[in-house]
4 protein chains.
Amino acid sequence: MFLEKYSIEKHNEVSLKDHQRRFSFISSEVSNTENILKKLIDFQVAIPSWALGTGGTRFARFAGGGEPRSLEEKIEDIGLLHALNRSSGAISLHIPWDIPSNASHIKALAAQNGLRFDAMNSNTFQDQPDQELSYKFGSMQHVNKEVRKQAIDHNIEVIKYGIELGSESLTVWLSDGSCFPGQLNFRKAFQNTLESLQEVYAALPESWKMFVEYKAFEPNFYSTTVGDWGQSLLYATKLGPKAYTLVDLGHHLPNANIEQIVALLLMEQKLGGFHFNDSKYGDDDLTVGSIKPYQLFLIFNELVEGMDARGMNHATDLGWMIDASHNVKDPLEDLLQSVEAIMITYAQALLVDRKKLVAAQQENDVVTAQEILQQAFRTDVRALVAEARLRSGGALHPLAVFRGEKIREQLIKARGAKTVATGL
Amino acid sequence: MFLEKYSIEKHNEVSLKDHQRRFSFISSEVSNTENILKKLIDFQVAIPSWALGTGGTRFARFAGGGEPRSLEEKIEDIGLLHALNRSSGAISLHIPWDIPSNASHIKALAAQNGLRFDAMNSNTFQDQPDQELSYKFGSMQHVNKEVRKQAIDHNIEVIKYGIELGSESLTVWLSDGSCFPGQLNFRKAFQNTLESLQEVYAALPESWKMFVEYKAFEPNFYSTTVGDWGQSLLYATKLGPKAYTLVDLGHHLPNANIEQIVALLLMEQKLGGFHFNDSKYGDDDLTVGSIKPYQLFLIFNELVEGMDARGMNHATDLGWMIDASHNVKDPLEDLLQSVEAIMITYAQALLVDRKKLVAAQQENDVVTAQEILQQAFRTDVRALVAEARLRSGGALHPLAVFRGEKIREQLIKARGAKTVATGL
Amino acid sequence: MFLEKYSIEKHNEVSLKDHQRRFSFISSEVSNTENILKKLIDFQVAIPSWALGTGGTRFARFAGGGEPRSLEEKIEDIGLLHALNRSSGAISLHIPWDIPSNASHIKALAAQNGLRFDAMNSNTFQDQPDQELSYKFGSMQHVNKEVRKQAIDHNIEVIKYGIELGSESLTVWLSDGSCFPGQLNFRKAFQNTLESLQEVYAALPESWKMFVEYKAFEPNFYSTTVGDWGQSLLYATKLGPKAYTLVDLGHHLPNANIEQIVALLLMEQKLGGFHFNDSKYGDDDLTVGSIKPYQLFLIFNELVEGMDARGMNHATDLGWMIDASHNVKDPLEDLLQSVEAIMITYAQALLVDRKKLVAAQQENDVVTAQEILQQAFRTDVRALVAEARLRSGGALHPLAVFRGEKIREQLIKARGAKTVATGL
Amino acid sequence: MFLEKYSIEKHNEVSLKDHQRRFSFISSEVSNTENILKKLIDFQVAIPSWALGTGGTRFARFAGGGEPRSLEEKIEDIGLLHALNRSSGAISLHIPWDIPSNASHIKALAAQNGLRFDAMNSNTFQDQPDQELSYKFGSMQHVNKEVRKQAIDHNIEVIKYGIELGSESLTVWLSDGSCFPGQLNFRKAFQNTLESLQEVYAALPESWKMFVEYKAFEPNFYSTTVGDWGQSLLYATKLGPKAYTLVDLGHHLPNANIEQIVALLLMEQKLGGFHFNDSKYGDDDLTVGSIKPYQLFLIFNELVEGMDARGMNHATDLGWMIDASHNVKDPLEDLLQSVEAIMITYAQALLVDRKKLVAAQQENDVVTAQEILQQAFRTDVRALVAEARLRSGGALHPLAVFRGEKIREQLIKARGAKTVATGL
């Protein structure tokens, strides 16, 4: 055990008085504290199995140490995060990196750590050592029917693993596209992709959802076959009611208004879930909230408004997942920062005075509408988020505990300094 | 008459020998010359009435002279262009700037100039002097039903004028949107807009099309209510079979792959037409082909491929229109350059060896696919375009005739140096 | 008098208790409250004379009412703002829109309102009615020496007006550039501009500074002759020690790292001042802090760090000015929101624990470095800013007083509903 | 020998008649054919050693076959290219990937292939297996003096290898920067970098140049320490007369006007050389001229104008190099396409009627200026480029010979299907 419950309690004790003062202050500022706390406690963000190791770029990868060497150790890592923040109670697996040799054992281990299995992720953007046909020129879009079949079969296999583990959704990210004008026929690529997705869709269990992720560019640099929300929505609509669009914050063209996309997808009942991260230039996969925290707030503002308008359950009706790359930070510390940013932003969005906002909008009172949003965003809600953690048995200051308990040092000692987690 | 037929002939005579040499060369290089010439002759680009005067920015407008002072003079200007290039045989009007007081007179004048009436354009992005309610906070999206009704009624009135003149389509460009987060509810703005469009749609004559134009930003700088092709397609789909998406080349986020959008809209049978221009930064409204001629070629490449795949008539099944702003050039010279760029690019797209391209794509032979496109683009087709003009009675070198015949000087003499055409 | 001192006091009285609670809390959280308050009190943001009326785009302008009709009324408006927030104690004039017919009268009026005269702004981006030569093709870059001379003379005249009023700096924003490839020779345009600026520089009084503003695009849409910080720095370096670069937040290409530019200009001792605004797409001129508040914080973080490293006085050693356009908001309300955002962000930047940050950087502890910045940004400093206002005799809630006292209604009554302020 | 001289001759014979007809036509269209041919023959583009293998992204790499396994085989590959196009007569090495164990042997081999050694490239963006200190947090910017020293020493070692081979320039590309706000102090990072560069500069032989490359982002995603031309110019100016800026076409923010940057760097006598490639989104490293051929033309237009204005030798006074990544094409075919695009564009730039352009600019005749540039760009100069190749002993159609002679098949046979060239 890298982290004992009493260690968290010990740390909490030290900061408790300060926390209580802050929580008492924010409670006096906010009207519906208990309601907000309840929602914060319920809200869980899935951690992707591939984000537990050091990330890299096409230029280099500068490894850290103590990275998980197996699915079991990945679950252990996420268990650590969840013990600290009580908001990371789900894991998102990636096949073939995380093929469970013994599903019931893995399920039990996850349950011990308080984790459930969120969306399963397939991989048709790389060639695996034993793979028959190459995805060099795409997978579901491929001109060769055999390649498409291979990609379809792989996805169906991923569903099978997901069923064993109790997952209920499949995320399909296709890196399909082209690097040069003329390389492919856009229409035929779309139609091939649609037909391939339809075959996978047909294999979905009744209760499952399929998330169709879009991305503007990279690793293809001229076109992508699921390039924007419009294309993803086209696929999802043609596929049927179990198909949804998945929004990754880093997958847009410069200056895109992501919050509007979110609102419209909710309107169309086709928003499926999120990959959280932050970025300045492209799909930079930086820590959530580290670059554009106000944009994140505006997105959560639309999520809360739009989900409430449809009577959706914040915690369960959409898939929430982090998808970041940790190139210069300790992956676990980075994930703690990301989850913290998400919780803070969600709390701020819950503070928005919806009634006043509707009234201001109805009057075209743009100044007041802005004031209402800024009132929420400028409020320091950290004590609210900490209180939610405290009540769930987590740490007031997860990062401080992680460092104070020398968890990374322990992991290196246990696993070695040169381990490399599977993933990118 | 600012331009006599014999003036064109006189100029053509001088350059004829050089032209014949060039045309003879390109004919020997290209296999299906006559077929291409026929298509070039048939292809007509509509000139918008508001592009005949000097344009401006929010900072300044530096007027030229001799600008048309009335709808009659606008028709006269486009008649001049068409006499020179035989490819500008249509006019696109804008209400209220071009309300025809006497429709049959206007129709006759247009006919004399060889012009037909292309799409009618409504205007709910400005307040007119006698207007009851303001569009400051939008028109069809407006929270106030009365404002929406005013916008609907205006569009229906525009259709009425169009019927009188023989137009068969309505272009709806909405500048609706918001400048600040919180200003509007995206979902309600969408729904208000949809309902408004539905009322206009209901008033469309049987043979008419409605073009729903999208734009990423400007004049609203936070969100726009028809912001991208995905949103426009949503509206057009919900509206019905007479509603289509209109693509303006300057209305995208940076780096957007417009040619793919075009291909997908054609696939969905929802591409309605084009506003041609060019740009480097935003909706710069520069001369067609002056900044990114290869992108224009790639778009035409998709148009030719996609229209042929559906058995569409290049000349008549989509609306072709220029929408540019002439801030530093003579508007008529600028339009001649734009039409020339369109014709050159269309000719190049016709040169693409489709059979070989399909074969290369089928083999994932990316190198050859690129060679095929570049083979077409690198070919100097100007003599083909000139020959098409010559056969239609136009000028081999329209710009040279315009300058040689001192047409601008004549216009200034006739209309004055300080005229300001209606428009932006 | 549109606003009496006792009105402010009356409003403050109502909110005082709440304020004291909040201020007491934040004081307990922050170690150097008094020091920060002093800096906040000293910090003044200049209001540009042209921002007091409704702004517009090239498409439309939707006027408000009660706009100032004269320089006197502009001073009155800024006096109102300053009375409310005690942070707008300077005015930035624009010639020819604000030519003072009687300088000593204007100076006295400004003094009565507690205002000083910040940078003077010249205008060679428009043609004035009585102007001999046109700036259609640029001013200081112009191929015609006479046009350049006209632009030089105008700037020297602006300096003259500035001397009369007690200003000590000249902001030169050149819209010079080109709309099309080939239009100008970049090198010659640069050299003409440099020579023109040198002549203006020679006319600067000893104590004056010249600010060379850069802008990536608009109103020219292919190139601009002072296009980025690199070009501005080249000019400023060649001009001499009185020449500096001016940074307008909206004048960059997408995704530019403005805070790094600021840091490097400070390093080179060539940062002159700021035009604050916010934007999502281009030079959108939105309310400061309304779109990317964290970017603003990062900029202030560099300003505080860099100025302190050079022993500069925050309040006086750089020029601070708002440059926004109020298209959908009441201009005065919008300016109150902008100044508030600036003060909040400045206060947050003052909270950054510099010593710890240096230590984290020295250790490459990226996680902690981020925590330190976020700790400051996530702190709710509004009570600090309000306390600074209170101590200076301003309003705890400026916007509430503005609305509560029905100041806009008073202005409309006094000035009329259809007034149009000079400016864009 | 994978390619015999008579194979080229055999292929040329087949196409000769067609070529002669095309060359005869273009000769009749262009006034100074011989002069242009001479310049085309002299112009050589260096091939980087790392571009001879399949490239990849952070997601995947899909290998080809027959990739060079040693420096000798890399020289062989470039020799092949040069035999085909006679325009690739230089090689740019990268240390440590190309450490020559026997310099005189390598020099002799290069000479046999008609190749000279262009700029040497250092590598401080990766950790090598035997490396003492890590570059995870930068190299020349690093807070730790020991790391900076290691980077300096490495660069000095690279110079040493270059001297042995007869190179005369060093390209320094630093991936230094930061991924998160707060990670580094911009000013100190700049100063550390400057001091490090100064030490390397001090080790440059008299005749050498140092190229300081800039890049806006990647692999660092928040800031880069040589981020734009302004920063590179600052370094180069502070370093001294042997230091220059190197422009890589893919290293800019969206919409940057690269041709203007080129013109200004030439004006300042600080342009050192080029890395050619093309891109749509970021540093996509696509085939030269495959996405924005007109931008490439505008850049060459400035190069020709600016170099001529300074009396520079086109072929020798700047460093010309390709820097692309071949993810979906055969690397050698891709390089043939890139060199062809460069030669075509250079030829077009040579066609620009400079005298007329100057006259048009002097008259602000924007329309004519555009016509002059488009006249050159629309001209089909492929026969000119082919003639230059023919006269130098190269192939009329290099790509056709490469395929016709089954060179890749030969390489695979000789080297194996699974080879992986050193490089990214």
Side-chain angles (χ1 to χ4, degrees), chain A residues 136-138 142-144 178-188 190-191 216-217 222-224 227-231 233-234 252-257 259-264 266-268 294 298 301-302 305-306 309 352 357-358 360-364 366-374, chain B residues 136-138 142-144 178-188 190-191 216-217 222-224 227-231 233-234 252-257 259-264 266-268 294 298 301-302 305-306 309 352 357-358 360-364 366-374:
Chain A
K136 182 167 192 167
F137 299 104
H142 204 284
V143 289
N144 181 347
S178 67
C179 270
F180 293 98
Q183 180 178 339
L184 54 72
N185 180 298
F186 295 129
R187 186 179 65 252
K188 291 178 190 166
F190 186 96
Q191 288 165 344
F217 60 94
Y222 171 61
S223 75
T224 48
D228 61 11
W229 76 277
Q231 290 174 62
L233 179 59
L234 259 187
H252 301 82
L253 292 176
N255 306 336
N257 187 322
E259 50 269 32
Q260 187 181 19
I261 293 172
V262 166
L264 296 180
L266 275 172
M267 177 185 80
E268 292 295 296
Y294 194 54
L298 295 174
N301 180 47
E302 293 304 325
E305 195 278 339
V352 172
L357 184 58
V358 169
Q361 289 169 345
Q362 199 57 35
E363 298 295 317
N364 289 309
V366 186
V367 165
T368 298
Q370 179 178 316
E371 290 286 310
I372 291 165
L373 293 190
Q374 289 183 333
Chain B
K136 184 168 191 166
F137 299 104
H142 205 283
V143 288
N144 179 348
S178 66
C179 270
F180 293 97
Q183 180 178 339
L184 53 74
N185 181 298
F186 296 130
R187 186 179 66 252
K188 291 180 190 163
F190 186 97
Q191 288 166 343
F217 60 94
Y222 171 61
S223 75
T224 48
D228 61 12
W229 76 277
Q231 291 175 62
L233 179 60
L234 258 188
H252 302 81
L253 291 177
N255 306 337
N257 187 323
E259 50 270 30
Q260 186 181 19
I261 293 172
V262 165
L264 296 181
L266 274 172
M267 177 185 80
E268 292 295 295
Y294 194 55
L298 294 174
N301 179 47
E302 293 303 324
E305 195 277 341
V352 172
L357 185 58
V358 168
Q361 289 169 345
Q362 199 58 34
E363 298 295 317
N364 288 310
V366 186
V367 165
T368 298
Q370 178 178 317
E371 289 287 310
I372 291 166
L373 294 190
Q374 288 184 333

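Lettering of chains follows the sequences in order, A, B, ..., and the numbering in each one begins at 1. What you see is a predicted model; the values in this text were computed from it and never measured.
Both the backbone and the side chain of A/Q231 come within contact range of chain B, each with at least one heavy atom under 4.5 Å from a heavy atom of that chain. Looking at A/L234, only its side chain comes within 4.5 Å of chain B, counting heavy atoms on both sides. At a 4.5 Å heavy-atom cutoff, the contact between A/D228 and chain B is made by side-chain atoms alone. Only the side chain of A/H142 comes within contact range of chain B, with heavy atoms under 4.5 Å apart. The part of B/E302 that comes within reach of chain A is its side chain, from C-beta onward, which places non-hydrogen atoms under 4.5 angstrom from that chain. Using a 4.5 Å cut-off between heavy atoms, A/N257 touches chain B through its side chain atoms alone. For a residue to count as touching a neighbouring chain, one of its non-hydrogen atoms must lie under 4.5 Å from one of that chain's; by this rule A/L184 touches chain B with the backbone only. For A/T224, the part lying under 4.5 angstrom from a heavy atom of chain B is the backbone only. Contacts between A/A360 and chain B at a heavy-atom distance below 4.5 Å are absent for every atom of the residue.
When every heavy atom of A/G182 is checked against every heavy atom of B/L357, the shortest pair comes out as O-CD1, 3.8 Å. Residues A/Q361 and B/Q183 approach most closely at CG-O, 3.5 Å, considering heavy atoms. Taking every heavy atom of both residues into account, B/A309 and A/R187 meet most closely at CB-NH2, 3.4 Å. Considering every non-hydrogen atom in both B/N185 and A/E305, the closest pair reads ND2-OE2, 2.9 Å. Closest approach of A/V366 to B/F180, counting heavy atoms only: CG1-CD1, 3.6 Å. Considering every non-hydrogen atom in both A/F190 and B/M267, the closest pair reads CD2-CE, 3.3 Å.
Among the candidates A/K188, A/Q362, A/Q370, the residue making the largest number of heavy-atom pairs closer than 4.5 Å to chain B is A/Q362. Put simply, of A/P181, A/G227, A/A256, the one with the most heavy-atom pairs under 4.5 Å next to chain B is A/P181.
In this view, A/E371 satisfies the salt bridge (charged side-chain N to carboxylate O under 4.0 Å, His left out) rule with no residue, not counting sequence neighbours. The salt bridge (charged side-chain N to carboxylate O under 4.0 Å, His left out) test applied to B/E268 returns A/K238, not counting sequence neighbours.
In this structure, the side chains of B/Y222 and A/L298 come closer than 4.5 Å at one or more pairs of heavy atoms.
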